[in-house]
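Positions are given from 1, in the same order as the sequence printed here. FYI, side chains are in, hydrogens and waters are out, and symmetry mates aren't considered; it's all heavy atoms of this structure.
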Amino acid sequence: MSFLRQPVLRSCRALRGQLCVRTLHGSAAPAGRSRASVFAAAGAALVAGLTAGYSHLQRAELAARIPPAQRDEVEERCAEFMALPITPVQELRDHRDDMKSRMELMIMGTQAEVCRALAEADGNSSFTVDRWQRAEGGGGISCVLQDSKVFEKAGVNVSVVHGYLSEESIRQMKSRGKSLKTKDGKLPFCAMGVSSVIHPKNPHVPTIHFNYRYFEIEEADGNKQWWFGGGTDLTPTYLNPEDVIHFHQTLKEACDKHSPTFYPKYKKWCDNYFFINHRGESRGVGGIFFDDLDSAPKEELFEFVQSCAKAVVPCYLPIVEKHKNDSFTPEEKLWQQLRRGRYVEFNLVYDRGTKFGLATPGSRIESILMSLPLTARWEYNHVPAEDSKEGEILKVLREPRDWVH
């Protein structure tokens, strides 16, 4: 998704009229447990921490102004967000059954849920909440945790934008098979989504990316086209098969609620999409990815996207809790930096979201490039030994595996 201009930066602690991330206190799982019990303990601790910290949330101004007993469903949901929605609350209330309103509330809720979970894993930390507006229409909310205890850079962005597509964006869509009828070269659009990339400090904690979005366009003859897109994928520095299996199994369970064909189809799509052609290797160990979904009823696809978004915290945070206190060597940190370089290469050369953002008038570069790590490294002709831990992950990146069968 594109994330666009005119930021108003505020520390989360000082944010008035908006939700501050919960400050929760977690602990690492004790040593000596079985691997399965470590995952179970990490998940249980996460849920318990989020539940215990619920009463300590700072409510949005809307929540402070309206007593709980008098709030309707939309107001109650808005009270839990990192900031007030991009669209005025009254407009969301008046059009609560419209897919654009439902999607905006869903992505705002996803942003808040993920930020709370990251803060829980990090200890005493606060997100910087950056609310921005786009002169051409719409705006967004960027939540960033940078150089903290656990995370080098963790960003969770929401954008809700509208206006006219650029010629470059129209060309990109047509190249994917979209038949678009413009009027005087213009094509009205509305796009919204939540997008996140989380780069941990510890090389034994993998990077995760997720993005869930909804798009509408209105053609010259008044016909409206719509589609959903998104996915979640994992990029470890070192291979831990148990972690990868947990990640994929959690996503598979989310997909299977809607169709047994979804996970294998979107897992393969993910393996193909996140491939760095000039390196001959994948960016990570995959996950799920889909785009241009419009072949089923809108309501069914929305429910599917919502299930995928709800799977982000349980598929990833137990892995963070399991490894965030692992010891590591300078050599392992160096390998992490080299792998981060590959991450940068994919995002700047191939990623659709980056290309769309940069091609959209009024693009806000800071939020588009939030996905890039704080640090990365390139060394000339660095080739690890095949029998090393570094060589082990490279074999997987060059030949994707089936992790759940």
Is there a side-chain contact between [X] and [Y] in this structure, where contact means two heavy atoms from C-beta onward sitting under 4.5 Å apart?
X: N277; Y: Y350; value: yes
X: C78; Y: P85; value: yes
X: L334; Y: T329; value: no
X: C115; Y: Q111; value: yes
X: L251; Y: C308; value: no
X: Y212; Y: T232; value: yes
X: Q146; Y: L374; value: yes
X: V205; Y: Y316; value: yes

With a sphere of 6.0 Å drawn around [atom1] of [X], does it hold more than 12 non-hydrogen atoms of other residues, nucleotides or ligands?
X: E386; atom1: CD; value: no
X: H382; atom1: NE2; value: yes
X: K268; atom1: NZ; value: no

Atom pair [atom1] ([X]) and [atom2] ([Y]), whose distance is rounded to the nearest 0.5 Å:
X: L348; Y: L369; atom1: CG; atom2: CG; answer: 6.5 Å
X: M370; Y: I365; atom1: CE; atom2: CD1; answer: 13.5 Å
X: C190; Y: M103; atom1: SG; atom2: CE; answer: 10.5 Å
X: I107; Y: R102; atom1: CD1; atom2: CZ; answer: 13.5 Å
X: F247; Y: L234; atom1: CZ; atom2: CG; answer: 4.5 Å
X: I86; Y: M108; atom1: CD1; atom2: CE; answer: 6.0 Å

>> Run V383 and N381 through side-chain contact (heavy atoms from CB on, under 4.5 Å) and show every step you take.
In response: CA-CA 6 Å; V383 182; N381 200 29; 3.8 Å; yes
Under 3.5 Å: donor-acceptor pair, side chain of [X], backbone of [Y]:
X: E75; Y: D72; value: yes
X: N202; Y: D326; value: yes
X: N157; Y: S367; value: yes
X: T237; Y: H204; value: no
X: H95; Y: E91; value: yes
X: H248; Y: I288; value: no
X: W227; Y: Y214; value: no
X: E104; Y: V160; value: no
X: H162; Y: M192; value: no

>> Test side-chain contact (heavy atoms from CB on, under 4.5 Å) on H405 and K252; report intermediate values, then the result.
In response: CA-CA 11 Å; H405 296 104; K252 181 179 183 298; 3.8 Å; yes
Which heavy atom in [X] sits nearest to a heavy atom in [Y], and how many Å separate them?
X: V129; Y: A83; value: CG1-CB, 4.4 Å
X: F228; Y: M99; value: CZ-SD, 4.0 Å
X: E379; Y: R377; value: OE2-NE, 2.8 Å
X: P400; Y: S282; value: CG-OG, 4.0 Å
X: I208; Y: C315; value: CD1-SG, 4.2 Å
X: K201; Y: K333; value: O-NZ, 2.6 Å

> Which residues satisfy the side chain to side chain donor-acceptor pair (under 3.5 Å) test with K265, sequence neighbours excluded?
Replying inline: none
>> Checking side-chain hydrogen bond (donor to acceptor under 3.5 Å, both in side chains) between T207 and each of R339, H199, Q336, which is the one that passes?
In response: H199
Short N-O contact, [X] and [Y], less than 4.0 angstrom:
X: R352; Y: D291; answer: yes
X: E152; Y: R340; answer: yes
X: R93; Y: E73; answer: no
X: D233; Y: R283; answer: yes
X: K324; Y: D122; answer: no

> Less than 6.0 Å separating the ring centroids of H209 and Y343?
Replying inline: no
> How about F189 and F215: are their ring centres within less than 6.0 Å of each other?
Replying inline: yes
> Does the side chain to side chain donor-acceptor pair (under 3.5 Å) test come out yes or no for S142 and W132, once each step is laid out?
Replying inline: CA-CA 8 Å; S142 297; W132 47 267; 3.3 Å; yes
>> The criterion is salt bridge (charged side-chain N to carboxylate O under 4.0 Å, His left out); which residues satisfy it with D271, sequence neighbours excluded?
In response: K267
> Taking only residues two or more places apart in sequence or in another chain, which ones pass salt bridge (charged side-chain N to carboxylate O under 4.0 Å, His left out) with K310?
Replying inline: E113
> If you measure only the distance, is there a donor-acceptor pair under 3.5 Å linking the side chains of N347 and T354?
Replying inline: no
>> Tell me which pairs pass ring-ring contact (aromatic ring centres under 6.0 Å, His included) where either residue lies in residues 283-308, with sequence neighbours left out.
In response: H258-F304, F262-F304, Y266-F290, Y266-F304, W269-F289, Y273-F289, F274-F289, F290-F304
>> Walk me through whether R342 and I276 qualify under side-chain contact (heavy atoms from CB on, under 4.5 Å).
In response: CA-CA 8 Å; R342 295 290 203 270; I276 308 172; 4.0 Å; yes
> Would H246 and D243 satisfy side chain to side chain donor-acceptor pair (under 3.5 Å), going step by step from the backbone distance to the final call?
Replying inline: CA-CA 5 Å; H246 166 80; D243 294 346; over 6 Å; no
>> I'd like to check the side-chain contact (heavy atoms from CB on, under 4.5 Å) partners of T110; sequence neighbours left out, ordered by chain and number.
In response: M106, V114, V194, F210, A309
Check residues 389-399 and write down every donor-acceptor pair under 3.5 Å in which the side-chain atom is one partner and the other belongs to a residue at least two apart or another chain.
{"unit_1": "K389", "atom_1": "NZ", "unit_2": "E332", "atom_2": "OE2", "d": "2.6"}
{"unit_1": "E390", "atom_1": "OE1", "unit_2": "S388", "atom_2": "OG", "d": "3.4"}
{"unit_1": "E390", "atom_1": "OE2", "unit_2": "Y238", "atom_2": "OH", "d": "2.6"}

>> As a quick check of understanding, evaluate side-chain contact (heavy atoms from CB on, under 4.5 Å) for I198 and F151, giving each step before the final call.
In response: CA-CA 7 Å; I198 300 163; F151 303 106; 3.5 Å; yes
